J.: 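Take this structure first; my questions come after.
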Amino acid sequence: MISLRHLEIRGSHRITEMPARISKLSDLQTLTMFIVSKENGIDELRDLNLRGSISIQNLQNVLNLLDADKAGLGERHKLSSLGLSWKYSHDSTAAENENCERVIDSLQPHSNLQSLSIENYQGSRFPNWLMHLKVPNLVEVSLINCKRCEILPPFSQLHHLNNLTIQGMPDLEKWSSDERSQTLPDIKELEIEDCPKLTQMPHLPSVEYLKLTGCNEMLLMSVMAYTTITELYIYGFPEMISFPEGLLKNLTLIKDL
């Protein structure tokens, strides 16, 4: 099928590897999922003229940084959405964690990228290209089960960001050590899940949708200041027997609770 241009793979969770020599499909523009395996490395992406969205999975199988470089994500200026995920692990080794950091640094996308998801990342720091805002046009960011990271990227400097999800970061205690980074003026949707040590949130003057799941009860106190909220979802607070006093007093626009 050498003329194939679009290959959409969705909901196929049992697939473990990609077709052999997929790089030969030089006309391929849409590839929604790519699974890295020992037989089909990430360098198979090098000759594809990708656009739209792609989710690259099983990145723990990338052992050679040259292969990550060959993927050429930085040259994919028509790629709007990128997912980077590793297989979930309870007890990764120090060497595996360090390899995660090197690999993700080598997968820097083009600055045109608008949506980014990082899942089951085992490194202790987010990639330099994210921390130093080499992807300034991000509109949507999801950080899921990046459990060893303690410092978030400087989201306040991403001026187009309006949708943010933070999930499964048990060591995250502060939003930012820099007080200037405590305001996210354009965020419309925010989800925070399973971050039990996080006790405060930034100033969110435009937030409309807020979801808090399995977090510290002190985090709820921030809700009082978010007068633009129309949808508030609170789950996973088994010890809470009542709302903090005055929690909903200023939420005059709320429609769903």
Side-chain angles (χ1 to χ4, degrees), residues 59-60 65 68 73 82-86 88-109 111 113-187 189-205 207 210-222 225:
L59 282 167
Q60 72 279 356
L65 290 183
L73 293 183
L82 173 65
L84 302 174
S85 70
W86 286 254
Y88 184 78
S89 174
H90 287 287
D91 51 357
S92 56
T93 66
E96 290 171 336
N97 296 339
E98 186 176 343
N99 185 64
C100 280
E101 295 176 359
R102 293 199 301 266
V103 167
I104 200 170
D105 277 337
S106 298
L107 294 176
Q108 178 176 339
S111 61
L113 193 74
Q114 296 179 10
S115 177
L116 174 67
S117 173
I118 301 176
E119 185 170 358
N120 297 330
Y121 173 62
Q122 300 296 318
S124 61
R125 59 170 180 81
F126 288 110
N128 290 326
W129 49 263
L130 184 56
M131 297 300 291
H132 296 154
L133 303 178
K134 302 297 184 181
V135 278
N137 295 303
L138 286 174
V139 175
E140 181 177 14
V141 175
S142 295
L143 305 177
I144 301 174
N145 293 332
C146 303
K147 59 184 181 180
R148 298 184 67 245
C149 292
E150 299 180 11
I151 301 177
L152 291 172
F155 289 126
S156 63
Q157 299 178 44
L158 292 174
H159 301 301
H160 303 285
L161 187 67
N162 62 42
N163 191 322
L164 178 61
T165 299
I166 301 173
Q167 177 180 325
M169 294 184 64
D171 291 331
L172 181 64
E173 296 184 12
K174 290 185 177 182
W175 193 269
S176 172
S177 58
D178 184 355
E179 289 298 323
R180 293 171 299 177
S181 300
Q182 292 288 340
T183 297
L184 300 177
D186 299 312
I187 286 288
E189 299 184 16
L190 175 63
E191 297 186 20
I192 302 180
E193 181 173 346
D194 297 328
C195 299
K197 294 183 180 179
L198 186 64
T199 58
Q200 60 180 350
M201 289 194 293
H203 182 45
L204 303 169
V207 68
L210 179 62
K211 180 178 179 180
L212 302 177
T213 306
C215 296
N216 194 301
E217 287 187 33
M218 293 181 64
L219 208 61
L220 281 177
M221 302 302 293
S222 303

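Index from 1, following the sequence. These numbers come from a predicted model, not from an experiment. Just the heavy atoms: all of them, side chains too, but no hydrogens, waters or symmetry mates, feed the values below.
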J.: Could you work out, with side-chain contact (heavy atoms from CB on, under 4.5 Å) as the rule, every residue matching Ser117, not counting sequence neighbours?
T.: Ser142
J.: Measure the spacing between CD of Gln114 and CD of Glu140 and express it to the nearest 0.5 Å.
T.: 10.0 Å
J.: His159: what forms a side-chain contact (heavy atoms from CB on, under 4.5 Å) with it, not counting sequence neighbours?
T.: none
J.: For the backbone of Ile104 and the side chain of Trp129, can you confirm whether one donor and one acceptor N or O come within less than 3.5 Å of each other?
T.: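 Yes, Trp129 side chain to Ile104 backbone: donor-acceptor pair under 3.5 Å.
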J.: The criterion is side-chain contact (heavy atoms from CB on, under 4.5 Å); which residues satisfy it with Asp105, sequence neighbours excluded?
T.: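 Result, side-chain contact (heavy atoms from CB on, under 4.5 Å) vs Asp105: Arg125, Pro127, Asn128.
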J.: Rounded to the nearest 0.5 Å, what's the gap from SG on Cys146 to CZ on Phe126? Could you check?
T.: 4.5 Å
J.: What is the minimum heavy-atom distance between Leu158 and Leu138, and which atoms define it?
T.: CD1-CD1, 4.3 Å
J.: Can you sort out the partners of Glu98 under salt bridge (charged side-chain N to carboxylate O under 4.0 Å, His left out), two or more places apart, ordered by chain and number?
T.: Arg102
J.: Yes or no on side-chain contact (heavy atoms from CB on, under 4.5 Å) for Ser111 and Leu113, after CA distance, side-chain angles and deciding distance?
T.: CA-CA 5 Å; Ser111 61; Leu113 193 74; over 6 Å; no
J.: Report yes if some heavy atom in the side chain of Leu161 is under 4.5 Å from a heavy atom in the side chain of Asp186; otherwise report no.
T.: no
J.: Looking only at atom types and distance, does a side-chain atom of Asn120 sit under 3.5 Å from a main-chain N or O of Trp86, one as donor and one as acceptor?
T.: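 Checking the backbone N and O of Trp86 against the side chain of Asn120, a donor-acceptor pair under 3.5 Å is found.
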J.: Can you see which heavy atom on Gly123 is nearest to which on Cys149, and at what distance?
T.: O-SG, 3.4 Å
J.: Flag the pair Leu107 / Leu82 as yes when at least one side-chain heavy-atom distance between them is below 4.5 Å, and no otherwise.
T.: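 SC-SC contact between Leu107 and Leu82 ruled out.
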J.: Could I get the full list of side-chain contact (heavy atoms from CB on, under 4.5 Å) partners for Glu173, not counting sequence neighbours?
T.: Lys197
J.: Check the pair Thr199, Leu219 against side-chain contact (heavy atoms from CB on, under 4.5 Å), reporting the backbone distance first and the verdict last.
T.: CA-CA 5 Å; Thr199 58; Leu219 208 61; 5.6 Å; no
J.: Has Glu101 got a side-chain atom pairing as donor or acceptor with Ser124's backbone, closer than 3.5 angstrom?
T.: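 Yes.
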J.: Please give me the minimum heavy-atom distance between Asn216 and Leu198, naming the atom from each residue.
T.: CB-O, 3.3 Å
J.: Check the surroundings of atom CE in Met131: do more than 12 heavy atoms from other residues, nucleotides or ligands lie under 6.0 Å from it?
T.: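 Correct, the count exceeds 12.
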J.: Over all heavy atoms of both residues, which pair between Leu130 and Pro154 is shortest? Give the atoms and the distance, please.
T.: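 Smallest interatomic distance, heavy atoms only, reads O-CD, 4.3 Å.
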J.: Quick one: pull up CG in Asn145 and CE in Met169 and give me the separation to the nearest 0.5 Å.
T.: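 Between atom CG of Asn145 and atom CE of Met169 there are 10.0 Å.
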J.: Supply the atom-to-atom distance Thr165 OG1 to Leu190 CG, rounded to the nearest 0.5 angstrom.
T.: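 Rounded to the nearest 0.5 Å, the OG1-CG separation comes out at 7.5 Å.
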J.: For Pro170 versus Pro196, what's the shortest heavy-atom pair and its separation?
T.: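 It is CA-CD, 3.9 Å.
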J.: Just how far is it from atom OG of Ser222 to atom NE2 of His203, taken to the nearest 0.5 Å?
T.: 11.5 Å
J.: Please give me the minimum heavy-atom distance between Cys215 and Cys195, naming the atom from each residue.
T.: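 Distance-wise, the nearest heavy atoms are SG-N, 4.0 Å.
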J.: With side-chain contact (heavy atoms from CB on, under 4.5 Å) as the test, would you mind laying out the steps for Met201 and Leu212 before giving the verdict?
T.: CA-CA 11 Å; Met201 289 194 293; Leu212 302 177; 4.2 Å; yes
J.: Measuring from atom CD of Gln157 to atom NE2 of His132, what distance do you get when rounded to the nearest 0.5 angstrom?
T.: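 Taking CD in Gln157 and NE2 in His132, the distance rounds to 10.5 Å.
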J.: What pairs with Ser92 under side-chain hydrogen bond (donor to acceptor under 3.5 Å, both in side chains), at least two apart in sequence or on another chain?
T.: Asn97, Gln122
